[in-house]
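Below, each value reflects all heavy atoms present in this structure, side chains not excepted, and no hydrogens, waters or symmetry copies. Remember, it's 1-based here, ligands and their atoms both numbered in the order they're listed. Model, not experiment: these values are computed from the prediction.
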Amino acid sequence: MDIDQNQHEPFAVLDRWLAEARAADVPEPESVALVTVGEGRRPSARTVALKRLEDQALVFTSALWTRKAREIEANRHVALLFYWPTIGRQIHITGQASFAERELATELFSQRELSHQVQTLVSRQGEPIADIQALRVRHAQLMGSLQTPPECPPDWGAIRVVPGAVEFWLGAPDRIHDRLLYRRADAGWQLTRLSP
Ligand SMILES: Cc1cc2nc3c(=O)[nH]c(=O)nc-3n(C[C@H](O)[C@H](O)[C@H](O)COP(=O)(O)O)c2cc1C
(Lines give C-alpha, C1' and ligand atoms only; values in the text may rest on other atoms or scores of the structure.)
Protein backbone atom coordinates (compact mmCIF):
# COMPACT_ATOMS: atom_id res chain seq x y z
CA MET A 1 0.00 0.00 0.00
CA ASP A 2 1.37 3.42 -0.97
CA ILE A 3 0.64 6.82 0.48
CA ASP A 4 -2.23 8.49 -1.38
CA GLN A 5 -0.73 11.24 -3.53
CA ASN A 6 -4.11 12.77 -4.26
CA GLN A 7 -4.28 14.36 -0.86
CA HIS A 8 -2.86 17.86 -1.33
CA GLU A 9 -3.00 18.92 2.31
CA PRO A 10 -0.58 17.31 4.79
CA PHE A 11 -2.83 18.16 7.75
CA ALA A 12 -5.54 15.90 6.37
CA VAL A 13 -2.99 13.06 6.16
CA LEU A 14 -1.64 13.88 9.65
CA ASP A 15 -5.13 13.80 11.08
CA ARG A 16 -5.91 10.49 9.38
CA TRP A 17 -2.61 8.87 10.39
CA LEU A 18 -3.14 9.91 14.03
CA ALA A 19 -6.65 8.42 13.93
CA GLU A 20 -5.31 5.22 12.38
CA ALA A 21 -2.54 4.98 15.00
CA ARG A 22 -5.13 5.34 17.79
CA ALA A 23 -7.39 2.77 16.12
CA ALA A 24 -4.44 0.37 15.85
CA ASP A 25 -3.70 0.80 19.60
CA VAL A 26 -0.25 2.25 18.99
CA PRO A 27 1.09 3.01 22.48
CA GLU A 28 1.05 6.76 23.13
CA PRO A 29 0.62 7.83 19.49
CA GLU A 30 0.75 11.51 20.52
CA SER A 31 4.31 11.16 21.84
CA VAL A 32 6.64 13.02 19.55
CA ALA A 33 10.33 13.90 19.59
CA LEU A 34 10.81 17.66 19.61
CA VAL A 35 14.19 18.83 18.37
CA THR A 36 15.31 22.39 18.95
CA VAL A 37 18.50 24.29 18.22
CA GLY A 38 20.36 24.40 21.49
CA GLU A 39 23.30 26.29 22.90
CA GLY A 40 26.18 26.64 20.45
CA ARG A 41 23.73 25.74 17.64
CA ARG A 42 23.82 22.10 18.75
CA PRO A 43 20.73 19.88 18.43
CA SER A 44 18.65 19.39 21.54
CA ALA A 45 15.88 16.77 21.81
CA ARG A 46 13.18 15.51 24.13
CA THR A 47 9.77 13.83 23.91
CA VAL A 48 6.59 15.88 24.23
CA ALA A 49 2.91 15.01 23.80
CA LEU A 50 0.88 16.48 20.97
CA LYS A 51 -2.07 18.19 22.63
CA ARG A 52 -3.94 19.49 19.63
CA LEU A 53 -3.85 19.38 15.86
CA GLU A 54 -5.09 22.72 14.56
CA ASP A 55 -5.87 23.62 10.94
CA GLN A 56 -2.28 24.59 10.20
CA ALA A 57 -0.33 23.88 13.40
CA LEU A 58 0.58 21.29 16.00
CA VAL A 59 0.31 22.28 19.65
CA PHE A 60 2.11 20.96 22.72
CA THR A 61 2.44 22.33 26.23
CA SER A 62 5.44 23.06 28.41
CA ALA A 63 6.64 25.04 31.37
CA LEU A 64 8.07 28.24 29.94
CA TRP A 65 11.19 28.46 32.08
CA THR A 66 12.54 25.22 30.59
CA ARG A 67 15.44 24.57 28.27
CA LYS A 68 13.15 23.84 25.31
CA ALA A 69 11.25 27.12 25.82
CA ARG A 70 14.50 29.10 26.12
CA GLU A 71 15.85 27.45 23.00
CA ILE A 72 12.66 28.19 21.03
CA GLU A 73 12.78 31.80 22.21
CA ALA A 74 16.31 32.05 20.78
CA ASN A 75 15.64 30.10 17.58
CA ARG A 76 12.18 29.28 16.24
CA HIS A 77 13.32 26.44 13.96
CA VAL A 78 12.26 23.04 15.28
CA ALA A 79 11.70 19.48 14.11
CA LEU A 80 9.08 17.01 15.29
CA LEU A 81 9.35 13.27 14.77
CA PHE A 82 6.59 10.73 15.33
CA TYR A 83 7.50 7.05 15.09
CA TRP A 84 4.92 4.30 15.42
CA PRO A 85 6.83 1.01 15.19
CA THR A 86 3.81 -1.28 15.51
CA ILE A 87 2.31 0.10 12.28
CA GLY A 88 5.62 0.99 10.59
CA ARG A 89 5.04 4.70 10.18
CA GLN A 90 7.09 7.83 10.76
CA ILE A 91 6.24 11.50 10.29
CA HIS A 92 9.03 14.09 10.16
CA ILE A 93 8.02 17.72 10.44
CA THR A 94 10.18 20.81 10.28
CA GLY A 95 8.81 24.24 10.99
CA GLN A 96 8.65 27.30 13.17
CA ALA A 97 7.55 27.32 16.79
CA SER A 98 5.88 30.17 18.63
CA PHE A 99 4.31 30.70 22.04
CA ALA A 100 0.54 30.48 21.89
CA GLU A 101 -1.93 32.93 23.42
CA ARG A 102 -2.64 32.71 27.15
CA GLU A 103 -6.25 31.54 26.57
CA LEU A 104 -5.03 28.36 24.88
CA ALA A 105 -2.54 27.68 27.70
CA THR A 106 -5.22 28.03 30.38
CA GLU A 107 -7.65 25.89 28.39
CA LEU A 108 -5.10 23.10 27.95
CA PHE A 109 -3.95 23.38 31.58
CA SER A 110 -7.54 22.95 32.75
CA GLN A 111 -7.78 19.74 30.71
CA ARG A 112 -4.77 18.16 32.45
CA GLU A 113 -5.29 15.50 35.08
CA LEU A 114 -5.10 16.94 38.59
CA SER A 115 -1.89 15.04 39.40
CA HIS A 116 -0.24 16.57 36.30
CA GLN A 117 -1.38 20.06 37.28
CA VAL A 118 0.00 19.56 40.78
CA GLN A 119 3.28 18.23 39.38
CA THR A 120 3.66 21.50 37.48
CA LEU A 121 3.18 23.42 40.71
CA VAL A 122 5.64 21.45 42.84
CA SER A 123 8.41 20.80 40.33
CA ARG A 124 10.55 23.47 38.64
CA GLN A 125 11.23 21.19 35.71
CA GLY A 126 14.90 21.07 34.76
CA GLU A 127 16.29 22.72 37.89
CA PRO A 128 18.83 20.76 39.94
CA ILE A 129 17.40 19.24 43.15
CA ALA A 130 19.07 17.71 46.18
CA ASP A 131 16.36 15.16 46.87
CA ILE A 132 13.37 13.83 44.94
CA GLN A 133 11.56 12.61 48.07
CA ALA A 134 10.71 16.16 49.15
CA LEU A 135 8.91 16.69 45.84
CA ARG A 136 6.92 13.47 46.28
CA VAL A 137 5.85 14.54 49.76
CA ARG A 138 4.83 18.00 48.56
CA HIS A 139 2.92 16.48 45.62
CA ALA A 140 1.05 14.05 47.90
CA GLN A 141 0.27 16.85 50.40
CA LEU A 142 -1.20 19.08 47.71
CA MET A 143 -3.15 16.22 46.14
CA GLY A 144 -4.69 15.61 49.57
CA SER A 145 -5.42 19.21 50.48
CA LEU A 146 -6.47 21.04 47.29
CA GLN A 147 -10.16 21.86 47.32
CA THR A 148 -10.30 23.11 43.73
CA PRO A 149 -8.02 22.51 40.73
CA PRO A 150 -5.11 24.96 40.59
CA GLU A 151 -4.99 27.81 38.09
CA CYS A 152 -2.62 27.74 35.15
CA PRO A 153 0.71 29.18 36.36
CA PRO A 154 1.74 32.33 34.47
CA ASP A 155 4.96 30.69 33.32
CA TRP A 156 3.34 27.58 31.84
CA GLY A 157 2.15 27.62 28.27
CA ALA A 158 1.30 26.18 24.91
CA ILE A 159 3.66 26.12 21.96
CA ARG A 160 2.50 26.04 18.37
CA VAL A 161 4.53 24.55 15.54
CA VAL A 162 3.66 25.65 12.00
CA PRO A 163 5.24 23.20 9.55
CA GLY A 164 7.22 24.21 6.51
CA ALA A 165 7.68 20.58 5.50
CA VAL A 166 6.02 17.29 6.44
CA GLU A 167 7.37 13.92 5.34
CA PHE A 168 5.29 10.77 5.70
CA TRP A 169 7.14 7.43 5.77
CA LEU A 170 5.28 4.21 5.32
CA GLY A 171 7.26 1.02 5.91
CA ALA A 172 7.00 -1.87 3.46
CA PRO A 173 7.99 -5.52 4.06
CA ASP A 174 10.19 -5.54 0.93
CA ARG A 175 12.10 -2.49 2.29
CA ILE A 176 10.81 -0.36 -0.58
CA HIS A 177 9.26 2.03 1.87
CA ASP A 178 7.14 4.88 0.61
CA ARG A 179 8.11 8.47 1.43
CA LEU A 180 6.00 11.46 0.54
CA LEU A 181 7.32 14.95 1.25
CA TYR A 182 5.06 18.01 1.44
CA ARG A 183 6.85 21.35 1.23
CA ARG A 184 5.08 24.63 1.69
CA ALA A 185 4.91 26.45 -1.64
CA ASP A 186 3.48 29.85 -2.67
CA ALA A 187 -0.01 28.45 -3.09
CA GLY A 188 -0.45 25.37 -0.96
CA TRP A 189 1.98 22.48 -0.82
CA GLN A 190 4.43 20.92 -3.24
CA LEU A 191 4.54 17.11 -3.16
CA THR A 192 7.62 15.02 -3.87
CA ARG A 193 7.92 11.24 -3.64
CA LEU A 194 11.30 10.23 -2.27
CA SER A 195 13.26 7.05 -2.72
CA PRO A 196 13.47 5.05 0.51
C1 LIG B 1 6.16 10.24 26.71
C2 LIG B 1 6.63 11.58 27.22
C3 LIG B 1 5.83 12.70 27.06
C4 LIG B 1 6.25 13.94 27.52
N5 LIG B 1 5.45 15.02 27.29
C6 LIG B 1 5.88 16.25 27.65
C7 LIG B 1 5.14 17.42 27.30
O8 LIG B 1 4.08 17.35 26.64
N9 LIG B 1 5.63 18.62 27.68
C10 LIG B 1 6.80 18.73 28.36
O11 LIG B 1 7.19 19.86 28.67
N12 LIG B 1 7.54 17.67 28.70
C13 LIG B 1 7.12 16.42 28.35
N14 LIG B 1 7.87 15.32 28.66
C15 LIG B 1 9.16 15.53 29.38
C16 LIG B 1 10.22 15.99 28.36
O17 LIG B 1 10.64 14.89 27.56
C18 LIG B 1 11.45 16.62 29.02
O19 LIG B 1 12.06 15.73 29.92
C20 LIG B 1 11.11 17.92 29.76
O21 LIG B 1 10.10 18.66 29.10
C22 LIG B 1 12.33 18.80 29.91
O23 LIG B 1 12.83 19.12 28.63
P24 LIG B 1 13.78 20.40 28.39
O25 LIG B 1 14.71 20.43 29.54
O26 LIG B 1 14.47 20.13 27.10
O27 LIG B 1 12.89 21.60 28.33
C28 LIG B 1 7.49 14.07 28.19
C29 LIG B 1 8.29 12.94 28.34
C30 LIG B 1 7.88 11.72 27.87
C31 LIG B 1 8.81 10.53 28.03
Side-chain angles (χ1 to χ4, degrees), residues 14-15 17-54 57-136 138-139 142-143 149-163 166:
L14 254 174
D15 194 35
W17 276 35
L18 274 162
E20 288 169 357
R22 288 185 197 111
D25 287 329
V26 168
E28 302 192 24
E30 286 84 10
S31 294
V32 57
L34 164 72
V35 182
T36 46
V37 180
E39 239 174 83
R41 299 177 65 82
R42 294 176 189 207
S44 172
R46 80 289 291 147
T47 312
V48 293
L50 176 72
K51 290 289 161 26
R52 184 167 290 181
L53 192 60
E54 297 181 334
L58 297 92
V59 176
F60 66 90
T61 56
S62 169
L64 299 179
W65 62 82
T66 54
R67 177 180 51 182
K68 76 180 90 47
R70 286 196 308 273
E71 290 173 352
I72 287 169
E73 184 75 55
N75 187 328
R76 305 274 154 158
H77 292 280
V78 299
L80 292 169
L81 189 71
F82 292 92
Y83 174 47
W84 300 321
T86 54
I87 55 170
R89 293 183 185 191
Q90 171 181 260
I91 308 173
H92 179 209
I93 295 166
T94 52
Q96 302 246 355
S98 59
F99 298 98
E101 61 282 4
R102 180 82 190 142
E103 292 69 35
L104 182 58
T106 50
E107 182 190 338
L108 293 174
F109 189 81
S110 71
Q111 291 170 3
R112 303 188 91 200
E113 272 176 44
L114 182 64
S115 72
H116 294 202
Q117 294 176 332
V118 170
Q119 192 252 29
T120 305
L121 299 190
V122 303
S123 161
R124 290 299 285 182
Q125 189 179 61
E127 290 191 357
I129 47 169
D131 163 28
I132 196 156
Q133 196 50 31
L135 289 185
R136 295 218 163 96
R138 181 84 188 112
H139 188 268
L142 269 181
M143 286 296 288
E151 285 190 5
C152 178
D155 50 5
W156 188 93
I159 295 174
R160 204 173 252 133
V161 176
V162 175
V166 184

A.B. asks: Is Ser31 close enough to touch ligand 1? Criterion: a residue heavy atom under 4.0 Å from a ligand atom.
C.D. replies: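 Right, Ser31 reaches ligand 1.
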A.B. asks: Around atom 6 (C) of ligand 1, find the nearest protein heavy atom and jot down its residue, atom name and distance.
C.D. replies: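 Nearest neighbour among protein heavy atoms for atom 6 (C) of ligand 1, to 0.1 Å: Val48 CA, 3.5 Å.
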A.B. asks: Which residue and atom name correspond to the protein heavy atom nearest atom 11 (O) of ligand 1, and how close is it?
C.D. replies: Lys68 NZ, 3.1 Å
A.B. asks: Test your reading of the structure: does Ala49 have an N or O sitting under 3.5 Å from an N or O of ligand 1?
C.D. replies: yes
A.B. asks: Would you give the length of the straight line joining atom CD of Glu54 to atom CG of Asp15, rounded to the nearest 0.5 angstrom?
C.D. replies: 12.5 Å
A.B. asks: I'd like to check which ligand 1 atoms, numbered from 1 as shown, lie under 4.0 Å from a non-hydrogen atom of Thr66.
C.D. replies: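 Numbered from 1, ligand 1 contributes 27 (O).
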A.B. asks: Give the numbers and elements of all ligand 1 atoms closer than 4.0 Å to a heavy atom of Ser62.
C.D. replies: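 Answer, ordered by atom number: 11 (O).
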A.B. asks: Between Arg22 and Glu30, does any NZ, NE, NH1 or NH2 come within less than 4.0 Å of an OD or OE carboxylate oxygen?
C.D. replies: yes
A.B. asks: Pick whichever of Arg112, Arg67, Arg46, His116 has a heavy atom sitting closest to atom 25 (O) of ligand 1.
C.D. replies: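 It is Arg67 whose heavy atom sits nearest to atom 25 (O) of ligand 1.
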A.B. asks: Not counting sequence neighbours, which residues clear ring pair (Phe, Tyr, Trp, His ring centres under 6.0 Å) with Phe109? List them please.
C.D. replies: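 Trp156.
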A.B. asks: Give a yes/no verdict on whether any heavy atom in Lys51 is under 4.0 Å from an atom of ligand 1.
C.D. replies: yes
A.B. asks: Among Leu50, Thr47, Leu34, Ile72, which one has a heavy atom closest to atom 14 (N) of ligand 1?
C.D. replies: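 Considering heavy atoms of Leu50, Thr47, Leu34, Ile72, the nearest to atom 14 (N) of ligand 1 sits in Thr47.
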A.B. asks: With no hydrogens and no angle check, is any side-chain donor or acceptor of Arg70 less than 3.5 Å from a backbone partner on Trp65?
C.D. replies: yes
A.B. asks: State whether the side chain of His139 and the backbone N or O of Val118 hold a donor-acceptor pair below 3.5 Å, judged by distance alone.
C.D. replies: no
A.B. asks: Does Ser123 reach the main-chain N or O of Thr120 with its side chain, forming a donor-acceptor pair under 3.5 Å?
C.D. replies: no
A.B. asks: Starting from atom 9 (N) of ligand 1, locate the nearest protein heavy atom and write down its residue, its atom name and how far away it is, to 0.1 Å.
C.D. replies: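 Residue, atom and distance for the closest contact: Thr61 O, 2.8 Å.
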A.B. asks: With a 4.0 Å heavy-atom cut-off (strictly under), which part of Glu28 contacts ligand 1: side chain, backbone, both or neither?
C.D. replies: side chain
A.B. asks: Hey, does Asp155 have a side-chain heavy atom less than 4.5 Å from the side chain of Arg124?
C.D. replies: yes
A.B. asks: Got a donor-acceptor contact below 3.5 angstrom from the Arg160 side chain to the Ala158 backbone?
C.D. replies: no
A.B. asks: Looking at atom 20 (C) of ligand 1, what's its closest protein heavy atom, distance included?
C.D. replies: Gln125 NE2, 3.4 Å
